[in-house]
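Have a look at the structure below before the remarks.
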Amino acid sequence: MPAHSFRLLSLGIGIVKLLRSSDWLIVPGVLLLAFFFVAPTVEIALSSIFDEGLTGKHFERFATKGAYVEVFRRTLVRSVWIGILCVLIGYPIAYFIVHRSLRTQVFLMLLILVPLWTSILIRTYAWMVVLGREGIVNNALIWLGLIDKPLRMMFTTGAVYVAMIQILLPIAVIACYSAMTEIDRTLPRAAKVLGASPWKAFRHVFLPLSLEGALTSFVIVFMLSMGFFITPALVGGRKDAMLANVIAHNVEQLNWGFASALALLLLVATIIVIVVVRLLANRFVGVRSVGMAP
Amino acid sequence: MRFKSTVLSGAIALGLAASPALAEKKIVVSGSGGGLAKVMTAIYDKPFTKATGIEIRRVASTNRVSLLAGMEKTGRVLWDVTELSGPEFPLSVAKGFVRALDWNLIDPDNRLPAIARDKYGVVAASFSTILAVRTDKLPKGKKMKSWADFWDVKTFPGPRALRNRPVENLEFALLADGVPTADLYKVLATKAGQDRAFKKLDQIKKHVVVWWKTGAQPIQLLSDGEVYYTSAFNGRVTKLAKSGTPAEIVWNGGALALAYYAIPKGAKNIKEAHAYLSALALDADRAAAFVKIVPYPGFAPGLYGKIPASMGKVLPTHPDNVKVQFKLNVGFWVKNTEALQERWDAWLLK
């Protein structure tokens, strides 16, 4: 048999093997990502450095002009804080839910999910109704006689935090909850049987086992915050613009090369933070595979 | 071959049938689509065809400068008349895409005011960015009358809003700083003048709680009492006032933006296009019918005699209002937007 027939045969066998195993199931997903994620990302990366020839002018503009570095720093810090706050609020909620009966759990998770199904834009507008000068909170406080002039709550950094946390909290709860449901519930009980106080059982058994979920929920909330756009634009003040707002603005102004450069910086910064969180988690808490838990 | 010849003779027959229609003149008018196109067809185009026999085919268009560039390149000029709004007009003029008009054909008796006549275009519509005031939030017995008052946070305390862009705002700042309307763009063309505008804006910055982006925003802010004083588009403020919110327009210092109709270079039906422009600019009856639906009028002479005074006084081209506003110099902004926008963005984030 000539050599090329051999090759053909082995290729044929390879394909048959692939189709017989379940590995081929990944092909549609890979193709989808290749076309609609990898290719556009590469194009964005390229258009940030090619603008009528190879150029560093977009990154130079970022570093030297305007207030871009400051906006970038602010976006990063705010996203980290929102990630932390969402976990601090979401973890106890998930803990509470996971310790109810199964039927109650389903009902409570439904309550968590409903706001998630509502559009971000509508939830943001709802905050405008609540926090406005003539909004629900101000009117209530004035009616109660606690204040005589409306407080300024809209168009402040505080409003951005409140609205973003409310919008992202369900996601934090879900991530924590799904990790907690996988914990073998006999383990904390065993700890208590062996004489550990409830706090000790939590601290040494439940918490380490659920930490992976908490870190995953931080990573997801952080990632989503980094790209937040509508909420800061609608409830924030002039200093509350996040990098995504600056990107949108530059797209409108047809500065696509610069917008690409900003997008690339946002992506790289997000990846760096996630990697750092994983490394720190491995090092200090012995948690593996952060960001890979369900 | 049978089939082919049948098709051929069919085509010839069709051509013969269509030829009487071809004898009549037809012009292609490009402009906004949607509801506005319907209004234009009903009020301007149909009566025009009836009076002159010139048929009008109206096409909806956007990105008109690039379309004109394409027509120039291919030598196939599809439009006889086109609307050009905002930066489209000065850009098309600068690139030589539109032809100089024969004003003797459009306005032989010289009835239009100078502001409505351009060498390359006829003003067909206008809107103003004006100072809008929640009158119920004014201090007792006080009335806001100018941008200087807008800047005066001691006499007129309360939250304010402005549009998030340098265009208009630098002008407003200079007006507030005492620059006369006639000198606005002379001052603004210099570095010192631009510094002066930004310095003036520094004073008001922290009292401006929202820097709006879309025309609906300032109206919503006024209606919710979120701000008391803001820049806004005139038509929307009139609507807001009609809906019951005590809102008022301060025309003094308003930025009057003009939309033009022009004839592309290389258009085929020049005479008919001029006739159409003439009808568009001069006919007061049609203009009156138009502004009853769309509050963005042109300068048709006699228009304000044909509509109620209460309606006329809230329109941007009312003689009293034209007198106190400045004409937005779009040509200046086409040249300077990029640099000033970057400075504006940085200024805002600081």
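Just so it is clear, the values below take in all heavy atoms, side chains as well, and ignore hydrogens, waters and symmetry mates. Order of the sequence lines sets the chain letters (A, B, ...), proteins ahead of strands, with each chain counted from 1.
- In plain terms, the two heavy atoms of Glu134(A) and Gly225(B) that are nearest each other are OE2-CA, 3.7 Å.
- Heavy-atom distances place the side chain of Glu342(B), and not its backbone, under 4.5 Å from chain A.
- With a 4.5 Å cut-off on non-hydrogen atoms, Val210(B) touches chain A through its side chain but not through its backbone.
- In Lys199(B), the NZ atom is not crowded: 12 or fewer heavy atoms of neighbouring residues, nucleotides or ligands sit closer than 6.0 Å.
- Within the 4.5 angstrom heavy-atom criterion, only backbone atoms of Asp224(B) (N, CA, C, O) approach chain A.
- Two residues are said to be in side-chain contact when any heavy atoms from C-beta on lie closer than 4.5 Å; Lys239(A) and Leu349(B) fail this criterion.
- Counting heavy-atom neighbours within 6.0 Å of Asp136(B) CG, excluding the residue itself, gives a total above 12.
- Residue Asn250(A) holds its CG atom at 7.0 Å from CG of Asp345(B), rounded to the nearest 0.5 Å.
- With chain A as partner, the option from Tyr228(B), Trp212(B), Trp347(B) having the largest number of non-hydrogen pairs under 4.5 angstrom is Tyr228(B).
- Lys65(A) NZ: 12 or fewer foreign heavy atoms inside a 6.0 Å radius.
- Here the side chains of Gln341(B) and His249(A) are in contact, with some heavy-atom distance below 4.5 Å.
- Remark: Lys145(B) NZ is loosely packed, at most 12 non-hydrogen atoms of other residues, nucleotides or ligands lying under 6.0 Å away.
- Among Met154(A), Arg152(A), Met128(A), the one residue that satisfies the side-chain contact (heavy atoms from CB on, under 4.5 Å) test with Glu226(B) is Met154(A).
- Considering only heavy atoms from C-beta on, Phe155(A) comes within 4.5 Å of Leu221(B) through its side chain.
- Between Ala67(A) and Ala346(B), the closest heavy-atom pair is N-CB, 4.1 Å.
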